[in-house]
Asker: 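Please find one structure pasted underneath; my questions will follow.
One-based numbering along the sequence shown. If you're wondering where the values come from, they're calculated on a predicted model, not measured in any experiment.
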Amino acid sequence: MTTHHLPSVLSGHLPTAVVLGGGLTGMLAAAALASHAEVHIVERDHLPAAPAPRKGLPQAQHAHLLWSGGARIIESLLPGITQRWLAAGARRIPLPTGLVSLTAQGWLRRWPEMQYLIACSRDLLDWGLRQQVLARPGVHVLPGTEPVGLAGTADHVTGVRVRDIATGDVRRLDADLVLDTTGRGSAAGTWLAALGLPPVPEEHVDSGLVYATRIFRAPAGSERWPVVNVQSDAQVPVPGQTASLVPIEDARWLVTLSGTRGGEPTRSAEEFLPFARNVRHPVVADLIADAEPLTDVRLSRSTVNRRRRFDLLRTWPRGFAVLGDAVATYNPLYGQGMSVAAQEAAALRVALHRRGLGDPALTRHLQRTIGRLTQAPWAMATAQDILYPGARGPRPPAAARLLRGYTDRLMKTATGDPAVARALLDVMTLSAPLPRLMRPDVAARVLLGPGRPPLTGPPLNLPARCIPPTADPQHPGGAVT
């Protein structure tokens, strides 16, 4: 059965949009589209009604941090979503107040709140989104269905061919707009080539990173426990190894270890604690040494930085765009993917309001905007990853190496200067653009240096003056002292 192309808005009916993929990016895209079109979400999985794993999102078992920059955008798309997450057990953690982090340049101080993050399992995050998006009129899911190709021409995509996974039947869904949000396994390049478009340029930087994650029962009294993170130092010519502890719902600690090529963690439960003890500081190992493990060790190697440059194609078809991990994936260590996806959904919303779904140039404009949105997170992720032994990818140009020297000094200054720490967190949480770090007021402080002696160990004891009151998720406060 075919879903026929609906009449345009001019005849009194909403146009049709098909979103390929029902993950976080797809749901956010559907939220942006809901007031402009009848939305059909094509999804391979049968989406669970509660926070639960699903086959199509294996990386959900690892640590996911939603930075404040992304959280604010999602809240603007779906008012009330932050409270829904918090009511279900997620935590709103102030930054850097609720962060114990050893960076390459030293321990960060736990200043009063400057930004924040949402900490919970990926299953809970996605469930909350589904609950709100699918409650909207005109948003529908086609479960157990996968896309197999685009319909139309190189100039104009008019729909998508989909297959019922259970029966194998293929049918065509006509649409005014098709959005590909199928993630790192997207076949968009192949589909476009079948329509006659040229190959899509790709960029890759692969540090060989491997992730290993295990969930533990949190000890009693740890309800306000911070995120604890030990980073690697890419300037030291050894494999980069990290350990992170993230408090999630149901009184659990999600602990993720990582190592680049030559220093990877394994699936072995017996090797998990020794690996955590051998990173640059054993704080995470000390915290979980007597904790009860609730899961086996789960491993992931899907960590390559890859960017598909759809924005560089000289021609682009009307009626089709690609978003999220289908465009760019980043080393998950930096936690940028979900917040970038939120920025892209916001760009879709702006483009629809300014141009309208019927504008022939809508998708070309949107695809180029998405290309620009990937620039800063791509630069931040790959500039570090390419430094590790055995990393594969193009070496950064001389200008990037000069910038890295400035960035290293900025990171050092942030360990002792709250104004520079604020600028760093603004950019790290995708709440401000990268040039925020080069403003004259920040650069002057970077030249002066930290101004305080480095901390000699993890700041696990939080001063009372740093404990913030309950804050509005949209207006984090906290004066720097």
Asker: State whether the side chain of R318 and the backbone N or O of G358 hold a donor-acceptor pair below 3.5 Å, judged by distance alone.
Answerer: yes
Asker: Quick one: does R436's side chain have a donor or acceptor within less than 3.5 Å of a partner on P433's backbone?
Answerer: no
Asker: List in chain and number order the residues that pass side chain to side chain contact (heavy atoms under 4.5 Å, CB included) with R214, two or more places apart in sequence or in another chain; answer none if no residue qualifies.
Answerer: F216, A269, F272, P293, T295, V297
Asker: Whether the side chain of D176 engages the backbone of T16 through a donor-acceptor N/O pair (distance < 3.5 Å, no angle test) should be reported.
Answerer: yes
Asker: Could you tell me whether the side chain of Q115 and the main chain of S68 form a donor-acceptor pair under 3.5 Å?
Answerer: no
Asker: Got a sec: does the CG of D250 have more than 12 other heavy atoms crowding it under 6.0 Å?
Answerer: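 Yes, CG of D250 has more than 12 neighbouring heavy atoms, counting only those of other groups under 6.0 Å.
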Asker: L142 versus V162: any side-chain heavy-atom pair under 4.5 Å?
Answerer: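 Not touching, per the 4.5 Å side-chain cut-off.
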Asker: Check P96, S101, P247, S244 against V227 for a side-chain contact (heavy atoms from CB on, under 4.5 Å) and give me the one that passes.
Answerer: P247
Asker: With heavy-atom distances below 4.5 Å as the criterion, would you say the side chains of R409 and Q105 are in contact?
Answerer: no
Asker: For the residue pair T260 and L209, establish whether any side-chain heavy-atom pair is separated by less than 4.5 Å.
Answerer: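 A side-chain contact under 4.5 Å exists here.
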Asker: If every non-hydrogen atom of S302 is compared with every non-hydrogen atom of R184, which pair is closest and at what distance?
Answerer: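 Nearest pair, atom of S302 first, then R184: O-NH2, 3.2 Å.
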Asker: Would you say the side-chain atoms of W127 pair up with the backbone N or O of A52, donor to acceptor, closer than 3.5 Å?
Answerer: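 Here the side-chain-to-backbone pair does not exist.
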Asker: Who are the ring-ring contact (aromatic ring centres under 6.0 Å, His included) partners of Y330, not counting sequence neighbours?
Answerer: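 Scan of Y330 (ring-ring contact (aromatic ring centres under 6.0 Å, His included), adjacent residues dropped) gives none.
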Asker: Looking at R172 and D174, is any side-chain nitrogen of the basic one under 4.0 Å from a carboxylate oxygen of the acidic one?
Answerer: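 Yes.
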Asker: Donor-acceptor pairs under 3.5 Å, side chain of residues 370-383 to any protein atom, not counting sequence neighbours: which ones?
Answerer:
from: R372; atom 1: NH2; to: T369; atom 2: OG1; distance (Å): 3.2
from: T374; atom 1: OG1; to: R307; atom 2: NH1; distance (Å): 3.2
from: T374; atom 1: OG1; to: G371; atom 2: O; distance (Å): 2.7
from: Q375; atom 1: OE1; to: R307; atom 2: NH1; distance (Å): 3.3
from: T382; atom 1: OG1; to: W378; atom 2: O; distance (Å): 2.7

Asker: Could you tell me whether a side-chain N or O of N305 sits under 3.5 Å from a main-chain N or O of V205, the two making a donor and an acceptor?
Answerer: yes
Asker: Are the side chains of P201 and L313 in contact, using a 4.5 Å heavy-atom criterion?
Answerer: yes
Asker: Before giving the answer on side-chain contact (heavy atoms from CB on, under 4.5 Å), spell out for L366 and E344 the whole-Å C-alpha distance, their side-chain angles and the decisive distance to 0.1 Å.
Answerer: CA-CA 9 Å; L366 176 63; E344 293 172 1; over 6 Å; no
Asker: So which atom in A321 and which in W316 form the shortest heavy-atom distance, rounded to 0.1 Å?
Answerer: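 Scanning both residues, the minimum pair turns out to be CA-CZ2, 4.2 Å.
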Asker: For T145, is there any backbone N or O sitting under 3.5 Å from a side-chain donor or acceptor partner on R44?
Answerer: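 Side chain of R44 to backbone of T145: no pair is present.
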Asker: In terms of side-chain geometry, is the basic nitrogen of R130 or E43 positioned less than 4.0 Å from the acidic oxygen of its partner?
Answerer: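 Salt bridge flag = no for E43 with R130.
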Asker: Can any side-chain N or O of T329 pair as donor or acceptor with the backbone N or O of V304 at less than 3.5 Å?
Answerer: yes
Asker: Under the side-chain contact (heavy atoms from CB on, under 4.5 Å) rule, what do D180 and V160 come out as? Steps first, then yes or no, please.
Answerer: CA-CA 10 Å; D180 178 13; V160 60; over 6 Å; no
Asker: Is it true that D359 and R354 have a side-chain N and a carboxylate O under 4.0 angstrom from each other?
Answerer: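 A salt bridge is absent here (no side-chain N lies under 4.0 Å from a carboxylate O).
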Asker: How close do C120 and L124 get, counting heavy atoms only, and between which atoms?
Answerer: SG-CD2, 3.9 Å
Asker: Between H62 and T213, does the side chain to side chain donor-acceptor pair (under 3.5 Å) criterion hold? Intermediate values first, please.
Answerer: CA-CA 6 Å; H62 302 290; T213 294; 2.6 Å; yes
Asker: Among R306, R261, R392, which residue meets the side chain to side chain donor-acceptor pair (under 3.5 Å) test with D206?
Answerer: R261
